[in-house]
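Residue numbers run from 1 in the order of the sequence given. Because only heavy atoms are used, hydrogens play no part in the values below, and waters and symmetry mates are left out as well, while side chains stay in.
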Amino acid sequence: MKLNNIEDFIREIQMTSLEKAMDRAAFVEQFRIKFLGKKGIINELFEEFKTVPNEQKKEMGQALNRLKAAAQAKIEEFKASVEQMEQQSQTSDLTLPTDYSEVGSRHVLSVVMNEITDIFSRIGFTVAESVEIEDDWHLFSALNFPHDHPARDMQDTFFVEKEEGRQEVALRTHTSSVQVRVMENNKPPIRIIAPGRVFRNEAISARAHCIFHQVEALYVDKKVTFADLKQTLLYFAKEMFGEQTRIRLRPSYFPFTEPSAEMDISCNICGGKGCNICKGTGWLEILGCGMVDPNVLEACGIDSKEYSGFALGMGVERMAMLKYQIRDLRLYFENDLRFLRQFDALV
């Protein structure tokens with residue numbers, strides 16, 4: 001008999017667990033027989049103890065007593081655990097219906113915004129975010145807005161601070177302010193997408209809201225042309241609405257781009273044949289775009305003679321309306337479960 005063998009048995013007992021046992025009661029009985037049965041390990045060790053030299057009997061005897069106490073304590077622990085499990089099973093009515101707790105899902109706007117972001121990320125655009133309360137420089141002045149532009153008026157903007165002689169501070173009316181901050185702090189090449197929430201002082205209706213979401217994209221580098229913009233737009237439209245989608249660009253005006261354009265896609269409801277959604281035209285307007293105005297580049301510290309770029313922006317609510325045929329903007333913000341549950345399957 002060796003003292004190390006006894007210590008090994010003690011460690012084995014301490015580490016034994018019921019967790020993986022299929023039949024816990026049978027496991028406990030097998031454990032008892034193995035260590036405390038008539039032909040168990042402990043009885044055999046006590047028989048062998050008779051042959052131990054007298055000078056080792058005290059140390060060996062103490063070790064055997066510890067082994068026996070450990071086995072008895074572990075068996076009592078197991079029995080208490082088995083009894084508790086039996087009591088729980090007796091108090092549980094297995095015939096009761098299962099409690100199917102409802103699992104939440106992403107809001108349709110989050111799904112659409114993530115989809116847009118994912119499409120642009122596949123062609124090298126990275127996400128940029130910034131604050132929702134902005135100063136006049138980043139909201140308007142750096143973006144080439146004239147001082148008499150209507151967007152500066154109280155009817156369109158929620159001003160936080162507007163005092164004579166001080167720079168105005170307002171809730172951002174577009175995520176173009178993110179583009180300004182990125183251009184101020186980074187050297188070209190710049191290729192970013194700016195998703196976020198924006199605010200405008202508008203009456204709430206089925207077609208307008210004071211809170212909505214935008215996704216804007218910016219690409220600045222050497223020799224960027226309108227052809228690059230057009231190819232990016234075509235790629236996005238086909239990825240978002242299907243391979244059969246066609247696009248067209250109409251001349252428009254934005255203070256921060258020149259030339260500027262509105263982009264339409266072929267109606268994905270009627271296939272361009274004309275319906276009540278596209279008002280019989282076969283086309284749906286989805287975003288504005290253009291080449292970044294040289295004044296904007298210079299205001300942000302970028303040499304407009306060396307670099308050029310394009311920018312585009314779209315409303316997420318508008319994209320969701322077209323993709324899922326939602327007729328009323330107010331539904332996005334009312335938290336009506338009847339509306340939200342229609343999009344549970346979206347990821």
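To the nearest 0.5 Å, atoms CG (Asn295) and CG (Leu143) are separated by 11.5 Å. Once rounded to the nearest 0.5 Å, the distance linking CD1 of Ile41 with CZ of Phe9 reads 4.0 Å. One finds the CH2 atom of Trp283 at 5.5 Å from the OG atom of Ser266 (value rounded to the nearest 0.5 Å). With values rounded to the nearest 0.5 angstrom, Ile286 atom CD1 is found 10.5 Å from Glu262 atom CD. Atom CZ of residue Arg197 and atom CD of residue Glu129 lie 11.5 Å apart, to the nearest 0.5 angstrom. Glu334 CD to Leu329 CG: the interatomic distance, rounded to the nearest 0.5 Å, is 10.5 Å.
Not one N or O on the side chain of Asp264 forms a donor-acceptor pair closer than 3.5 Å with the backbone of Arg248. Side chain of Ser252 to main chain of Ser260: no donor-acceptor pair is present (N/O by atom type, distance under 3.5 Å, no hydrogens or angles). Using modelled atom types, one side-chain atom of Arg318 and one backbone atom of Glu285 make a donor-acceptor pair closer than 3.5 Å. Judged purely by atom type and a 3.5 angstrom limit, Asn43 uses its side chain to pair as donor or acceptor with the backbone of Lys38. The backbone N or O of Asn114 sits nowhere less than 3.5 Å from a side-chain atom of Asp118 that would complete a donor-acceptor pair. Under a 3.5 Å cut-off, the side chain of Ser81 and the backbone N or O of Glu77 do not form any donor-acceptor pair. At least one donor-acceptor pair under 3.5 Å links the side chain of Lys323 to the backbone N or O of Met240. A donor-acceptor pair under 3.5 Å is absent between the side-chain atoms of Arg341 and the main chain of Asp336, judged by distance alone.
Across all non-hydrogen atoms, the minimal contact from Asp136 to Ser141 is OD2-OG, 2.6 Å. For the residue pair Lys74 and Thr16, the shortest heavy atom distance occurs at NZ-O, 3.4 Å. The two residues Leu249 and Cys289 come nearest to each other via the heavy atoms CD2-SG, 4.2 Å. Here the shortest heavy-atom pairing between Gln72 and Leu36 reads CG-CD1, 3.8 Å. Summarising the geometry of Gln179 relative to Ala217, their closest heavy-atom pair is NE2-O, 3.9 Å, with the distance given to 0.1 Å. In terms of heavy atoms, Pro195 sits closest to Ile193 at CD-O, 3.4 Å.
By the 6.0 Å contact criterion, NZ on Lys238 is enclosed, its count of non-hydrogen atoms from other residues, nucleotides or ligands being greater than 12. Counting heavy atoms of neighbouring residues, nucleotides and ligands inside a 6.0 Å radius, atom NZ of Lys68 does not exceed 12 of them. Within a 6.0 Å sphere centred on CZ of Arg338, other residues, nucleotides and ligands contribute 12 heavy atoms or fewer. The 12-atom threshold is not exceeded at CD1 of Ile133, counting heavy atoms of other residues, nucleotides or ligands nearer than 6.0 Å.
Below 30°, between 30° and 60°, or above 60°: for Phe339 and Phe343 the angle between ring planes is above 60°, a perpendicular geometry. Below 30°, between 30° and 60°, or above 60°: for Tyr332 and His107 the angle between ring planes is between 30° and 60°, a tilted geometry. Using a 30° and 60° split on the angle between ring planes, Phe333 and His213 fall in the parallel class, below 30°.
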> Which is it for Val178 and Glu216 under the side chain to side chain contact (heavy atoms under 4.5 Å, CB included) test, yes or no, and what are the steps along the way?
Replying inline: CA-CA 9 Å; Val178 181; Glu216 298 195 12; over 6 Å; no
> side chain to side chain contact (heavy atoms under 4.5 Å, CB included) between Thr232 and Phe120: does it pass, once the steps are laid out?
Replying inline: CA-CA 9 Å; Thr232 301; Phe120 279 96; 3.9 Å; yes
> Can you check salt bridge (charged side-chain N to carboxylate O under 4.0 Å, His left out) on Arg181 and Glu184, steps first, answer last?
Replying inline: CA-CA 5 Å; Arg181 290 188 176 275; Glu184 284 179 333; 5.3 Å; no
> Given the rule in the side chain to side chain contact (heavy atoms under 4.5 Å, CB included) test, do Gln231 and Asp228 qualify, once you have shown the distances and angles that lead to the verdict?
Replying inline: CA-CA 5 Å; Gln231 187 61 36; Asp228 298 314; 6.0 Å; no
> What do the steps show when you test Met113 against Arg106 for side chain to side chain contact (heavy atoms under 4.5 Å, CB included), and what is the final call?
Replying inline: CA-CA 11 Å; Met113 187 178 291; Arg106 288 190 178 92; over 6 Å; no
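Residues Phe212 and Glu202 are not in side-chain contact: their nearest non-hydrogen atoms beyond the backbone lie 4.5 Å or more apart. Two residues are said to be in side-chain contact when any heavy atoms from C-beta on lie closer than 4.5 Å; Ile33 and Lys39 fail this criterion. Using a 4.5 Å cut-off on side-chain heavy atoms (C-beta onward), Phe31 and Ile13 make contact. With a 4.5 Å cut-off on side-chain heavy atoms, Val198 and Arg172 count as touching. Annotation: side chain of Phe78 is not in contact with side chain of Arg32 (no heavy-atom distance under 4.5 Å). Inter-residue side-chain proximity for His138 and Val131 is flagged as unmet; no heavy-atom pair is nearer than 4.5 Å. Annotation: side chain of Phe159 is not in contact with side chain of Asn201 (no heavy-atom distance under 4.5 Å). A 4.5 Å side-chain heavy-atom check between Cys210 and Ile204 finds at least one atom pair inside the cut-off.
When ring centroids are compared, Phe310 and Phe226 stay outside the 6.0 Å threshold.
No continuous path of ILVMFWY side-chain contacts below 4.5 Å connects Met314 to Tyr253, so the two sit in separate hydrophobic clusters.
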